[in-house]
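Counting convention: from 1, in listed order, for ligands and their atoms alike.
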Amino acid sequence: MYKTLHTDLTDNILTVTINRPDKLNALNKDVISELGEVVEEIYTNADIKSAVITGAGPKAFVAGADISEFQGLSKEAGKALSAKGSDIFFRIASCPKPIAAAVNGFALGGGCELAMACHFRLCVPNTKFGQPEVNLGLIPGYGGTQRLTKLIGRGRAIEIMLTGRMVEATEAHTMGLVNYIVTEPDELLSETRKLLGIINEKAPLAVARIIECVNIAAGDGIAHSETWDPDPFGGDDAADAGDAPVNGFAREQEAFGECFGTQDMKEGTAAFLEKRKPRFRGA
Ligand code: COA
């Protein structure tokens, strides 16, 4: 179905593997476009409760945007490339279903940005993160200047982006760039899926609202490019208001109230009081 991606849906978790190992899974136009398609599949396929993105081969998650496609691009084409990738990454960040990155090696440039757009990250010990665009006379273009700053703080983000240096897994973990280092590389996917499996048992409408409210706090997942139309819930709630600033506390209160209107909240509280496991249905 996809040319550059391999997908597998097991236990309601979609595993998306970027499959260009001979080019260290660099994001060329085809990969970007298919990532856009698979993200829409995650939004719309009710059998998918969560997803994990990883890279094929033993060496790389994604070694960046495909540099071979850069030469000869005009200013306008560069901006359009950035807008297209950014919109897809915003769509990942805003997805009401959790999307994790299983980072299995180099996560550079667009690879680091893709991992950061995901809701959380696990990696193997030999992972190297980085935003080396400055070495090419470029800057990060898929949200890296914003997301890295928010994840690890201004001073550390500026130093990493200005030097273009690589950040090893242990340092990335200390900085909060990655949630867990999985010691055995062979267990990276199973550990990521285990974490997603835990979330898949929670109430989906509550999960979606937590992601939405946290994204507001992080200033992430909200419209920024001219082509962006965020509508994760299809309604007219505050977070759908495009570039208008959203008060996260106000949205949290509204979303908290919305949960009281769900069957799942009634089930969750009843199950607690009846000392049994809840059965959530996403309603
Ligand atoms: N775009 C296009 N091709 C890339 C790529 C990228 N971002 N990253 C790696 N590749 C290709 C290499 O050109 C090479 O292709 P070839 O075998 O046809 O020559 C192949 O992937 C393997 O990479 P190679 O450089 O030989 O592996 P390495 O182990 O020596 O080095 C890296 C690994 C990640 C350090 C190195 O590939 C690199 O610096 N990549 C670019 C990282 C970057 O600048 N990313 C940001 C882009 S905006």
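- Legend: residues meeting side chain to side chain contact (heavy atoms under 4.5 Å, CB included) with K277, ordered by chain and number and at least two apart, are E201.
- The hydrophobic cluster containing L35 also contains M1, counting ILVMFWY residues as joined when their side-chain heavy atoms lie under 4.5 angstrom apart, directly or transitively.
- For atom 16 (P) of ligand 1, a protein non-hydrogen atom is found at a distance below 4.0 Å.
- A cation-pi arrangement, defined by a distance under 6.0 Å to the six-membered ring centre and an angle within 45 degrees of its axis, is absent between R20 and Y2.
- Residue pairs meeting the salt bridge (charged side-chain N to carboxylate O under 4.0 Å, His left out) criterion with at least one partner in residues 156-174, sequence neighbours excluded, are E159-R165, R165-E171.
- Only the side chain of P132 comes within 4.0 Å of ligand 1, counting heavy atoms alone; its backbone N, CA, C and O stay farther away.
- Not one N or O of S68 is nearer than 3.5 Å to an N or O of ligand 1, by distance alone.
- Considering each of I139, L136, L24, D66, the one bringing a non-hydrogen atom nearest atom 32 (C) of ligand 1 is L24.
- A donor-acceptor pair is defined here as one N or O able to donate and one able to accept, closer than 3.5 Å; such a pair exists between the side chain of E113 and the backbone of G144.
- Proximity of atom 36 (C) of ligand 1 to the protein is not indicated, since no non-hydrogen protein atom lies closer than 4.0 angstrom.
- Taking atom 7 (N) of ligand 1 as the reference point, the nearest protein heavy-atom neighbour is A65 O, 2.9 Å.
- Within the 4.0 angstrom cut-off, atom 26 (O) of ligand 1 has no protein heavy-atom neighbours.
- At under 3.5 Å, a nitrogen or oxygen of A63, whether backbone or side chain, sits near a nitrogen or oxygen of ligand 1.
- Nearest to atom 1 (N) of ligand 1 among the protein's heavy atoms is I67 N, 3.0 Å.
- Shown are T183, V52, V182; of these, the side-chain contact (heavy atoms from CB on, under 4.5 Å) with L188 is made only by V182.
- Looking at D22 against ligand 1, only its backbone comes within 4.0 Å, counting heavy atoms.
- Distance screen at 4.0 Å: atom 20 (C) of ligand 1 has a protein heavy-atom neighbour inside the cut-off.
- Checked by atom type, the side-chain pair D8/T10 shows a donor-acceptor distance below 3.5 Å.
- Closest protein heavy atom to atom 4 (C) of ligand 1: K23 O, 4.0 Å.
- Counting only heavy atoms, the protein never gets under 4.0 Å from atom 39 (O) of ligand 1.
- Contact detail for K266 and G261: the closest heavy-atom pair is NZ-C, 4.2 Å.
- Residue, atom and distance of the protein heavy atom nearest to atom 5 (C) of ligand 1 are A26 CB, 4.1 Å.
- Ligand 1 has no nitrogen or oxygen under 3.5 angstrom from a nitrogen or oxygen of E133.
- Using modelled atom types, no side-chain atom of N19 and backbone atom of L5 make a donor-acceptor pair closer than 3.5 Å.
- A donor and an acceptor atom, one from each side chain of D66 and S68, are located under 3.5 Å apart.
- Ligand 1 lies less than 4.0 angstrom from a heavy atom belonging to K59.
- For the pair L138 and ligand 1, the shortest N or O to N or O distance does not fall below 3.5 Å.
- Heavy-atom proximity to L108, at under 4.0 Å, picks out these atoms of ligand 1: 34 (C), 42 (C).
- Of the options I92, L177, V178, D220, a side-chain contact (heavy atoms from CB on, under 4.5 Å) to M116 is made by L177 and by none of the others.
- Using a distance-only test at 3.5 Å, with no hydrogens or angles considered, no donor-acceptor pair links the side chain of T192 to the main chain of A102.
- Under the 4.0 angstrom criterion, atom 13 (O) of ligand 1 counts as lacking any protein heavy-atom contact.
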